[in-house]
Asker: 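Would you mind keeping the following structure in view while I ask a few things?
Letters A, B, ... are given to chains in the order of the sequence lines, protein chains preceding strands, and every chain is numbered from 1.
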Amino acid sequence: MATGKLKIKKYDFSKIERKWQKIWASQKTHQPNLDGSENPFYNLMMFPYPSAEGLHAGNMYAFTGADVYGRFQRMNGKDVFEPIGLDGFGIHSENYALKIGTHPLKLSKISEKRYYKQLKSIGNSYAWDSKVETYDPEYYKWTQWLFLQLYKKGLAYKKKASVNWCPKCLTVLADEQVIGGECERCGSKVEKKELEQWFFKITDYAEKLLSNLESLDWSERVKIAQRNWIGKSSGLVFSSPVKDTDLVIETFSAHFEAYCADTFVAIAPDHYLLPKLLDGVQNRDAILKKVADMLKKRGDQGYSTTNEVEGVFTGRYIIDPVGNGELPIWIASYALADYGTGIVKCSAHDERDFAFAKKYGIKLKPVLFPEDPEQKKKVMNLEYCFSDMTSGILSEPLEFSGRVAGEIREAIADYAVAKGLAKRETKFKLRDWLISRQRYWGPPIPIIYCDKCGTVPVPEKDLPVKLPNVKDFRPTGTGHSPLASVKSFVNVSCPVCKAPAQRETDVSDTFLDSAWYFFRYLDNENKNEPFSKLRASKWLPVDMYIGGAEHSVLHLLYTRFITMVMNDIGLIDFEEPFKKFRAHGLIIKDGAKMSKSKGNVINPDEYIKRFGSDVLRTYLMFLAPFEQGGDFQDGGIVGVVRFLERVWRLGSRINNQESKISNDVNTQKLLHKTIKKVTKDIENLSYNTAISSLMILLNALEKEDSASKQTFESFIKLLNPFAPHISHELWSGLGNKSVLDQEEWPKFDKNKLEEHIVKIAIQVNGKTRAVLEMEATSDDGAIESEAKNMPDIKKWLEGKSVKKVIHVKGKIINFVV
RNA sequence: GCUGGGGUGGCGGAAUUGGUAGACGCGAUGGACUCAAAAUCCAUUGUCCGCAAGGAUGUGAGAGUUCGAGUCUCUCCCUCAGCACCA
């Protein structure tokens, strides 16, 4: 047995933690061989944006949870690659720079130092040689290169569009960055603005982005969020001539079952066909005035979604192709120009249409009814809007009269198509990704405008288009980036004809930087390619990705899209970047969201200083299920402090004891039970219950005083993912020369788990009245008669006859009397 | 409004997926050690009745299925998160 290097001394966490962090760094314990790995496992966590005053508890929580998983995989024989970096380009960091009045370039150097120091103090098993920063010219060179690849493929285009404008950040935002009508970053109410902007054609990939979700092992809530965002619906498109004009308009309907109910048409106020439609209409100007008002209202405060509708009659009618006659065309506030065809046929079976028609006295004609006669009468009298296609019964068309609409949806579609009334079509809610930003701190979009040659991409050999170091980096609010006033940047010669030309001055969205960072980790010094294809084929797709659910439709959608494009241009041979993704929960403090105004923000540095990283890590993982998130209470930490101190003391005791300690059967059974449970729990990210079973094992080891060195070593291994520093120290203190992280995860022995004595709950009428302990091998009859004769049972059975006996082997016997 | 979580002691949270509810931890109470305190250790700790033995009751509310329901079904309430005029 090893002899006492490890005296019973105080557990000096700060010394021990620093010691091991140094050893891991100098020995490069966690840097896998990216070229020669046999058993690669890419363990990725979402890299932070260094936007605020350092890492916060939420980062710490996410990163620890991911690191526990990585350390576990490493001990299970995987070559784990766990890189980290900084998503330091973009609006997040720039807003922080503006706030404290420091140039982002300077700030990036400061936060780099600070973040990496903090990240080291957590003690995660990062591959430090592989870090990347998105603002490094050697990084954004390839971000720009990616833009050019999309441009070449026809997936990047510029168009004038009504876009989301944040009046505080003074830039446009992608739809995904508008949360409930507000800016994702600053919470300002977003306005609409007509601007010429660069877009990525993510809509070309809508179908693939949706269907691939099926095969991904991702948190279900994230998949659902993506499905909803992509918003596929299939339906019919009807073409209708407009009376007294030569126009033909198309309308899209996903709920076409009740098409015989259509009595009017709604067109979006900003629809491109509207001016044409109004040509020759008498009160054209008055209508356009009203339309302008509606658009202004929609842009400024928006219409509330609860049936607040507004509209104006165009004076035009369609001649309905399906035989509903001449239907008036109304301009309606709720009609959206960029969904479907921007024009809808309306009926009594849609809540908004119904409310609109009621408000303006438009005729309605119900054809879909509930089964209940009384309700049917109400629908007939237009007392309320009935829109339930799954249970509603149709009265028209006559061919389908009396049938439940939902059941014959396909038949109706076939019928309409066959009669030449409509064609089938699929529509998506997903819009193209707006990537222009009128800001300073981002990769300039690598495009040059030449009077003669038009839009010219920057030749790849000229990348990166370096971001000039300008003094005044503040956003201008003019719709142009601050770069627009930097003459030396703007004025270039055209790469094609050499004539004077101008650069694009917008920079690209931060989410483009982060859409491909995990490729760059693999090869962060490569000057000739964005990454090494060889390494990518070995390490990608990512085996496990852990991050926040708030990126369900931002980062996680964009990065899938970019990966699909990379696949299409032959860079890689897979479509999906992350095999497995798990969203962690949110940490709150004492039952409330953390916020500076409440003064309940957790500063991880303070806790690490006071208790050590192991304690903070273990407490964070213990306080709640990782995927659910939970309540951080200072009071709860002492439990973990005591736990680790007891581990320390037990370790010291074992080391100083003679080898007389027995290998008690019960202890062995518990050990193997614990191995089984901890292994399964970590696989499922049920870290809280894994830790609690470690506590149970420790309690037993202390009490029984029967821990052998081997048993304790197994315990230390199980503890290592959560509290790596103390575990490493104890491991080496026991005389082991190896580094614990490179040791093998304990395996449980099935034979040791077998229970020889079983406890059976004895119930009478379903109420537990006694517990019987029996040999596991006893036969059913013997157990039952034994149970019947127990005094606690006998008194309940007295004077009654047992009608039935339910016997669940090894668990329960229930006498029904 | 729609979608998806969730509601269990004083608190954070367990429960083998229909089988002894409250694991583990915090807190609390009592005790040991100490001149004393801290730390540590031991015991108790859902609620109600009872000196006790024991009993009753108990997982947001109400019904139901079952020998047996925190777990399944229906109705309702509350709460968190995401989406929100998507035809």
Asker: Rounding to the closest angstrom, what is the interatomic distance between rA15(B) and rU3(B) at atom C1'?
Answerer: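 rA15(B) and rU3(B) have their C1' atoms separated by 28 Å.
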Asker: Counting only Watson-Crick pairs (N1-N3 plus N6-O4 or O6-N4) and G-U wobbles (N1-O2, O6-N3), all under 3.5 Å, who is the partner of rA39(B)?
Answerer: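 By the stated definition (distances under 3.5 Å), nothing pairs with rA39(B).
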Asker: Sticking with atom P, work out how far rA69(B) lies from rG31(B), rounded to a whole angstrom.
Answerer: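 These two P atoms come out 42 Å apart once rounded.
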Asker: Using a 4.0 Å heavy-atom cut-off across all strands, classify Ala335(A) as base, sugar-phosphate, or nothing.
Answerer: base
Asker: Measure from CD on Gln628(A) to C1' on rG7(B) and round the result to the nearest Å.
Answerer: 11 Å
Asker: For the pair made of NZ in Lys673(A) and C1' in rU16(B), what is the distance, rounded to whole Å?
Answerer: 10 Å
Asker: Using purine N1 to pyrimidine N3 plus N6-O4 or O6-N4 for Watson-Crick, or N1-O2 and O6-N3 for G-U wobble, both under 3.5 Å, which nucleotide pairs with rU44(B)?
Answerer: rA28(B)
Asker: Any strand counts, and the cut-off is 3.5 Å on both contacts for Watson-Crick or G-U wobble. Which nucleotide pairs with rA53(B)?
Answerer: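 Matched rA53(B) with nothing under the 3.5 Å cut-off.
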Asker: If we take the P atom in both rG10(B) and rU47(B), what is their distance in whole Å?
Answerer: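 So the two P atoms sit 7 Å from each other.
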Asker: Strictly under 4.0 angstrom, non-hydrogen atoms only: write out the protein contact profile of nucleotides 17-26 of chain B, one letter per nucleotide from the 5' end, B, S or -.
Answerer: --BB--BBSS
Asker: Between atom OH in Tyr259(A) and atom P in rA87(B), what is the gap in whole Å?
Answerer: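 Rounded to the whole Å, the gap is 20 Å.
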Asker: Nearest whole angstrom, please: distance from the P of rC85(B) to the CD1 of Ile343(A).
Answerer: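 The distance from CD1 of Ile343(A) to P of rC85(B) comes to 19 Å, rounded to the nearest Å.
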Asker: Please name all residues satisfying side-chain contact (heavy atoms from CB on, under 4.5 Å) with Asp270(A), sequence neighbours left out, ordered by chain then number.
Answerer: Ala268(A), Leu295(A), Arg298(A), Ala337(A)
Asker: When you measure from the side chain of Tyr11(A) to the backbone N and O of Leu644(A), does any donor-acceptor pair fall under 3.5 Å?
Answerer: no
Asker: In Watson-Crick or G-U wobble terms, both distances under 3.5 Å, what is the partner of rC74(B)?
Answerer: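 Pairing partner, where one exists within any strand: rG62(B).
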Asker: Mind checking the P distance from rC85(B) to rC2(B)? Whole angstroms is fine.
Answerer: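 Those two atoms are separated by 15 Å.
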Asker: One pair to check against side chain to side chain donor-acceptor pair (under 3.5 Å): Ser347(A) and Asp353(A). What are the steps and the verdict?
Answerer: CA-CA 6 Å; Ser347(A) 77; Asp353(A) 296 348; 4.8 Å; no
Asker: Should the pair Lys359(A)-Glu310(A) be classified as a salt bridge under the 4.0 Å nitrogen-to-oxygen rule?
Answerer: no
Asker: So, Arg352(A) side chain and Val309(A) main chain: donor-acceptor pair closer than 3.5 Å or not?
Answerer: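 Not a single qualifying donor-acceptor pair exists.
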Asker: Give me syn or anti for rU59(B), where syn covers glycosidic angles within 90 degrees of 0.
Answerer: anti
Asker: If you find the nucleotide of RNA chain B closest to Phe256(A) and the one closest to Tyr619(A), which residue's nucleotide is nearer the 5' end?
Answerer: Tyr619(A)
Asker: Just how far is it from atom CD of Glu425(A) to atom OG1 of Thr341(A), taken to the nearest 0.5 Å?
Answerer: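 Rounded to the nearest 0.5 Å, the CD-OG1 separation comes to 8.5 Å.
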Asker: With the threshold set at under 4.0 Å for non-hydrogen atoms, list the residues of residues 219-233 of chain A touching RNA chain B in residue-number order.
Answerer: Ile224(A), Trp229(A), Ser233(A)
Asker: Begin with the C-alpha distance, continue with both residues' side-chain angles, and end with the deciding distance and a verdict on side chain to side chain donor-acceptor pair (under 3.5 Å) for Trp433(A) and Glu176(A).
Answerer: CA-CA 8 Å; Trp433(A) 175 14; Glu176(A) 290 81 0; 5.6 Å; no
Asker: So, does Lys767(A) get its side chain near the phosphate of rU57(B), meaning an N or O under 4.0 Å from OP1 or OP2?
Answerer: yes
Asker: Which distance, rounded to the nearest 0.5 Å, do you find between the CD of Gln633(A) and the CD1 of Ile588(A)?
Answerer: 9.0 Å
Asker: Using the P atom as the point on both nucleotides, what is the distance between rG60(B) and rG6(B), in whole Å?
Answerer: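 Result for the P pair: 13 Å, nearest Å.
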Asker: Atom CG of Leu620(A) and atom P of rG13(B): how far apart are they, to the nearest Å?
Answerer: 13 Å
Asker: Below 4.0 angstrom, N of the basic side chain to O of the carboxylate: do Glu627(A) and Arg221(A) qualify?
Answerer: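 Salt bridge absent between Glu627(A) and Arg221(A).
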